[in-house]
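Beneath this line is the structure, given in structure tokens, with notes to follow.
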Amino acid sequence: KVLPAQRRPPRGITFPTVGDWYLDAHSGLRSFDFDRFVPELPKLPGDFTLFDRPRPGTHDELLQWMRHNELSCHLPMVLQKVDRAAMYHSLEVRVPLLDLEVVDLAMRVDPSAAIRGSVGKVVLRNALRRHVPVDRIPVAKRGFTVPMKRWLREDLQGPVRALLLDRDPFPGGFFDRKGLSGYYELHLSGRVDVTRGLWNLLALQLWSDSHLRPLAMT
């Protein structure tokens with residue numbers, strides 16, 4: 001995935017380590033972004049080592065690190081919101097494959113056995129062949145993504161400006177508003193895609209508006 005593809009820009013090769021790439025994938029914000037609009041933000045705590053991966057190591061070590069990172073960060077981050085949203089609409093999504101017994105079995109599988117060239121989930125595919133016609137298994141994965149990059153440039157311009165740029169966003173006095181405006185202008189220009197970072201900033205602001213408002217005095 002670090003290499004360019006039709007649907008994916010070659011951003012991966014711009015990171016000094018795999019750990020830096022993973023951190024960016026999860027946060028959508030890089031050090032120089034924070035330097036731009038939160039110049040007073042201190043560095044991450046020294047004991048925060050989840051994304052430390054200075055050297056790739058062996059192929060197996062890298063795959064084991066990736067597995068540990070996914071279980072420690074990505075899955076806990078997305079499971080709760082996906083499960084709540086899906087159950088609200090009476091949909092069953094990925095949760096059955098994350099049953100404790102299934103996860104325990106998966107953890108005992110050599111990660112190299114799950115990859116064949118550019119094809120992943122090989123063990124799961126082989127198991128499905130007992131129950132699903134083979135010609136159905138290679139169907140390309142289809143997610144529930146929305147055109148957020150375009151929306152942030154077009155339809156959601158008003159909310160972005162109202163929530164982040166036309167007032168001092170949460171936490172008060174923390175952001176350099178000129179730098180934050182420049183960050184958004186980069187996205188509007190089309191030169192840089194900062195969808196994930198903007199979405200995280202919007203989510204923080206919406207959360208603060210909903211949950212940190214002073215209680216009305218009665």
If I take atom [atom1] from residue [X] and atom [atom2] from residue [Y], how far apart are they, to the nearest 0.5 angstrom?
| X | Y | atom1 | atom2 | answer |
| --- | --- | --- | --- | --- |
| His211 | Leu206 | NE2 | CG | 10.0 Å |
| Phe34 | Asp176 | CZ | CG | 14.0 Å |
| Leu91 | Asp83 | CG | CG | 11.0 Å |
| Leu188 | Leu198 | CG | CG | 8.5 Å |

Connected-component partners of Val122 among ILVMFWY, side-chain separation under 4.5 Å: Val119
Met87: hydrophobic cluster co-members (side-chain, 4.5 Å): none
Only counting residues at least two apart or in another chain, list the ones meeting salt bridge (charged side-chain N to carboxylate O under 4.0 Å, His left out) with [X].
| X | result |
| --- | --- |
| Asp60 | none |
| Glu154 | Arg150 |
| Asp47 | none |
| Glu185 | Arg161 |

If Ile, Leu, Val, Met, Phe, Trp and Tyr residues are connected whenever their side-chain heavy atoms lie under 4.5 Å apart, and connections chain through other members, are [X] and [Y] in the same group?
| X | Y | result |
| --- | --- | --- |
| Trp199 | Val82 | no |
| Leu186 | Leu201 | yes |
| Leu41 | Val194 | yes |
| Leu105 | Leu71 | no |
| Val192 | Leu165 | yes |

Residues in side chain to side chain donor-acceptor pair (under 3.5 Å) contact with [X], at least two apart in sequence or another chain:
| X | result |
| --- | --- |
| Ser181 | none |
| Glu70 | none |
| Asn126 | Arg129 |
| Asp20 | Thr17 |

Flag the pair [X] / [Y] as yes when at least one side-chain heavy-atom distance between them is below 4.5 Å, and no otherwise.
| X | Y | result |
| --- | --- | --- |
| Met148 | Arg196 | no |
| Asp35 | Pro39 | no |
| Asp209 | Leu163 | yes |
| Phe51 | Cys73 | yes |

Listed once per pair and sorted, the side chain to side chain donor-acceptor pair (under 3.5 Å) pairs that draw on residues 103-117, sequence neighbours left out: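 Qualifying pairs: Asp104-Arg108.
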Any residue meeting side-chain contact (heavy atoms from CB on, under 4.5 Å) with Asp168, in chain and number order, not counting sequence neighbours: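 Residues passing side-chain contact (heavy atoms from CB on, under 4.5 Å) with Asp168: Arg177.
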Return the minimal non-hydrogen interatomic distance between [X] and [Y], and the atom names on each side.
| X | Y | value |
| --- | --- | --- |
| Phe170 | Gln205 | N-OE1, 2.7 Å |
| Arg53 | Leu62 | NH2-N, 3.7 Å |
| Tyr184 | Leu152 | OH-O, 2.5 Å |
| Gln64 | Pro111 | NE2-CD, 3.6 Å |
| Gly28 | Asp33 | O-OD2, 4.3 Å |
| Leu156 | Pro159 | O-CD, 3.2 Å |

Residues, nucleotides or ligands: over 12 heavy atoms within 6.0 Å of Phe48 CZ: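 Count over threshold, so yes.
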Donor-acceptor check, side chain of [X] to backbone of [Y], threshold 3.5 angstrom: yes or no?
| X | Y | answer |
| --- | --- | --- |
| Ser72 | Asn69 | no |
| Thr58 | Glu61 | yes |
| Arg153 | His187 | yes |

Test side chain to side chain contact (heavy atoms under 4.5 Å, CB included) applied to Trp151 and Thr195, step by step: CA-CA 9 Å; Trp151 286 355; Thr195 301; over 6 Å; no
Parallel, tilted or perpendicular: ring planes of Tyr22 versus Trp65, cut at 30 and 60 degrees: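 Tyr22 vs Trp65 ring planes: perpendicular.
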